[in-house]
Amino acid sequence: MIQGNQTSSSDFILLGLFSSSQTSLPFFSSLVIIFLLTVTENAFLILLIRRDSRLRSPMYFLLSHLSFMDILHISNIVPKMITNFLSGTRRISFAGCGFQIFLSLTLLGGECLLLAAMSYDRYVAICHPLRYAMLVSDNVSELMVAGAWLVGTLNSIVHTVYVLHFPFCEPRVIDHYFCEVPALLKLSREDTSHYERAGDVSAIIFLLIPFSVISVSYVKILHTVLQTKSSEAWKKSLSTCSFHMVVVVMYYGPFIFTYMRPKLYHTPGQDKVLAVFYTILTPALNPAIYSFRNKDVLQAMKSMLKSNFLYQK
């Protein structure tokens, strides 16, 4: 049992994804491995895109920012889980909790908009290839990325300030593995219905609208590809679109289910499982789905490894 005198009055207690016991060691080990792999593969992809001239296009520029967001997102949550497990404490300061909320909402919102921008890029490239240079120029891609970061940050500031102003019930025990808004709202001593309605508006902007844009984009892509006579192009596009949609559903599905349900319908176990998808699994899968199956990326990897090997010799 966690004693009240172990924390200051403003600290929170995170119950975590698993208990600090020997039976949790395999799960903890898996989490550490996933974290290291996620950071490594995303950092490697960013390095690859910056080094290879063949990958200097709007699509890969967007992808490099997706990888950067994934690194920040998993690094915002998992290291704290690791230190809490190893130290046996589950404490997080008020400032630390606020920072987790702010960065998490910034990245979640920004990634939603960025995934929509990436689907638009693929739609233009496949459905309007002759107009691609005009519709998705370097300036346009930079504006889309800047917009995703800026809008995500502004939205996060509003929600973080609003949520943290609520008075919380002692001993401030959060039944989650990180400071997530729905989990904190359950601790509030005040009515949060007004905030939840404002949250629904944000959910429409960051979840439903981008998800609709992505869905329509891929439907149009498939429609265009089905009209081509090349069976090879059809199979390749179908494979690419299906893998992309799996990642999108894994990300948006749990995210929508978590943030668009009323507070009364949230259960701690369910919220933890759903959050694993968009905070841990999706950042780990994104590089493999969006890039390492790509011929240009694989060729760039071979070139870089070959040049490094020759340099060492």
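Every value quoted in this text rests on a predicted model; they were computed, and no experiment measured them.
- Contact record, S75 with I71: OG-O, 2.7 Å, taken as the closest heavy-atom pair.
- Atom CG of residue L108 and atom OG1 of residue T258 lie 10.0 Å apart, to the nearest 0.5 angstrom.
- A salt bridge between D175 and K186 is absent, with no side-chain N of the basic residue lying under 4.0 Å from a carboxylate O of the acidic one.
- F27 and V276 fall within a single hydrophobic cluster, where Ile, Leu, Val, Met, Phe, Trp and Tyr are joined by side-chain heavy atoms under 4.5 Å apart, directly or via other members.
- Looking only at distances, no side-chain donor or acceptor of S156 sits under 3.5 Å from a matching main-chain atom of G152.
- For NE2 of H194, the number of neighbouring non-hydrogen atoms (other residues, nucleotides, ligands) closer than 6.0 Å is 12 at most.
- Taking the six-membered ring for Trp and thresholds of 30 and 60 degrees, W149 and F68 have ring planes inclined between 30 and 60 degrees apart.
- In the hydrophobic clustering of ILVMFWY residues, with side-chain heavy atoms under 4.5 Å counting as a link, V219 and Y120 come out apart.
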Should L164 and L184 be marked as a side-chain contact (heavy atoms from CB on, under 4.5 Å) after you check the CA-CA gap, both sets of side-chain angles, and the distance that decides it?
CA-CA 9 Å; L164 292 181; L184 259 74; 4.2 Å; yes
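- Without hydrogens or angle criteria, R189 side chain to F168 main chain gives a donor-acceptor distance under 3.5 Å.
- Expressed to the nearest 0.5 Å, how far CG of L55 lies from CG of L48 amounts to 5.5 Å.
- For the atom pair C97 SG and E180 CD, the distance stands at 11.0 Å (nearest 0.5 Å).
- Ring-plane geometry between F28 and F85 is classed as parallel, the angle between the planes falling under 30 degrees on a 0 to 90 degree scale with a further cut at 60.
- Looking at every heavy atom in both residues, A284 comes nearest to I34 through CB-CG2, 4.1 Å.
- Side-chain contact between S303 and R54: present, with at least one pair of heavy atoms (C-beta onward) separated by less than 4.5 Å.
- You'll find the side chain of T282 reaches within 4.5 Å of the side chain of V247, heavy atoms only.
- Here the side chain of H65 pairs no donor or acceptor atom with the backbone of L62 at under 3.5 angstrom.
- N42 places a side-chain N or O within 3.5 Å of a backbone atom of T38 that can act as its donor or acceptor partner.
- Atom CZ of R50 has 12 or fewer neighbouring heavy atoms from other residues, nucleotides or ligands inside a 6.0 Å radius.
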How far apart are the C-alpha atoms of D121 and Y132, what are their side-chain angles, what is the distance that settles it, and do they pass the side-chain hydrogen bond (donor to acceptor under 3.5 Å, both in side chains) test?
CA-CA 8 Å; D121 170 83; Y132 181 80; 2.5 Å; yes
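- A continuous path of hydrophobic side-chain contacts links I204 to I214 [ILVMFWY only; heavy atoms under 4.5 Å].
- Separation of the F102 and H159 ring centroids does not fall under the 6.0 Å cut-off.
- S93 places a side-chain N or O within 3.5 Å of a backbone atom of G96 that can act as its donor or acceptor partner.
- To the nearest 0.5 angstrom, D191 atom CG is 10.5 Å from L185 atom CG.
- You'll find the side chain of Y251 reaches within 4.5 Å of the side chain of C112, heavy atoms only.
- N76 is not listed as a side-chain neighbour of T279, based on a closest heavy-atom distance of 4.5 Å or more.
- The number of heavy-atom neighbours closer than 6.0 Å to CZ of R56, taken from other residues, nucleotides and ligands shown, is above 12.
- Between P129 and I126, the shortest heavy-atom contact is CD-O, 3.7 Å.
- Between N286 and E111 there is a side-chain heavy-atom pair separated by less than 4.5 Å.
- Using a 4.5 Å heavy-atom cutoff, the side chains of V297 and L45 are in contact.
- No single ILVMFWY cluster, assembled from side-chain heavy atoms under 4.5 Å apart, contains both Y259 and F206.
- Scanning all heavy atoms of the two residues, the minimum distance from M144 to V136 falls at CE-CG1, 4.3 Å.
- The nearest pair of heavy atoms linking P210 to I205 is CD-O, 3.1 Å.
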Let's go through L207 and F255 carefully: what are the C-alpha distance in whole Å and the side-chain angles of both, what is the deciding distance for side-chain contact (heavy atoms from CB on, under 4.5 Å) to 0.1 Å, and is it a yes or a no?
CA-CA 8 Å; L207 294 173; F255 198 9; 3.1 Å; yes
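- The CD1 atom of I77 lies 12.0 Å from the CD1 atom of I82; values are rounded to the nearest 0.5 Å.
- To the nearest 0.5 Å, the span separating CG on D138 from CG on L143 amounts to 11.0 Å.
- L114 and L150 fall into different hydrophobic clusters, where Ile, Leu, Val, Met, Phe, Trp and Tyr residues are linked whenever their side-chain heavy atoms come under 4.5 Å apart, directly or through other members.
- Pairs engaging residues 25-34 under the side-chain hydrogen bond (donor to acceptor under 3.5 Å, both in side chains) rule: none recorded [sequence neighbours left out].
- Aromatic ring centres of H128 and Y123 lie closer together than 6.0 Å.
- Side chains of I174 and L15 form no contact here, defined as non-hydrogen atoms less than 4.5 Å apart.
- Considering V181, T153, I157 as possible partners of L105, the one that fulfils the side chain to side chain contact (heavy atoms under 4.5 Å, CB included) test is V181.
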Evaluate side-chain contact (heavy atoms from CB on, under 4.5 Å) for M250 paired with Y278, printing each intermediate quantity in order.
CA-CA 7 Å; M250 280 182 59; Y278 55 82; over 6 Å; no
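- In this structure, T267 contributes its side chain and G269 its backbone to no donor-acceptor pair below 3.5 Å.
- Scanning both residues, I46 and S67, for their nearest heavy atoms gives CG1-CB, 3.8 Å.
- Applying the side chain to side chain contact (heavy atoms under 4.5 Å, CB included) test between F12 and each of R91, Q100, R172, H176 identifies R172 as the sole match.
- I13 is not listed as a side-chain neighbour of P171, based on a closest heavy-atom distance of 4.5 Å or more.
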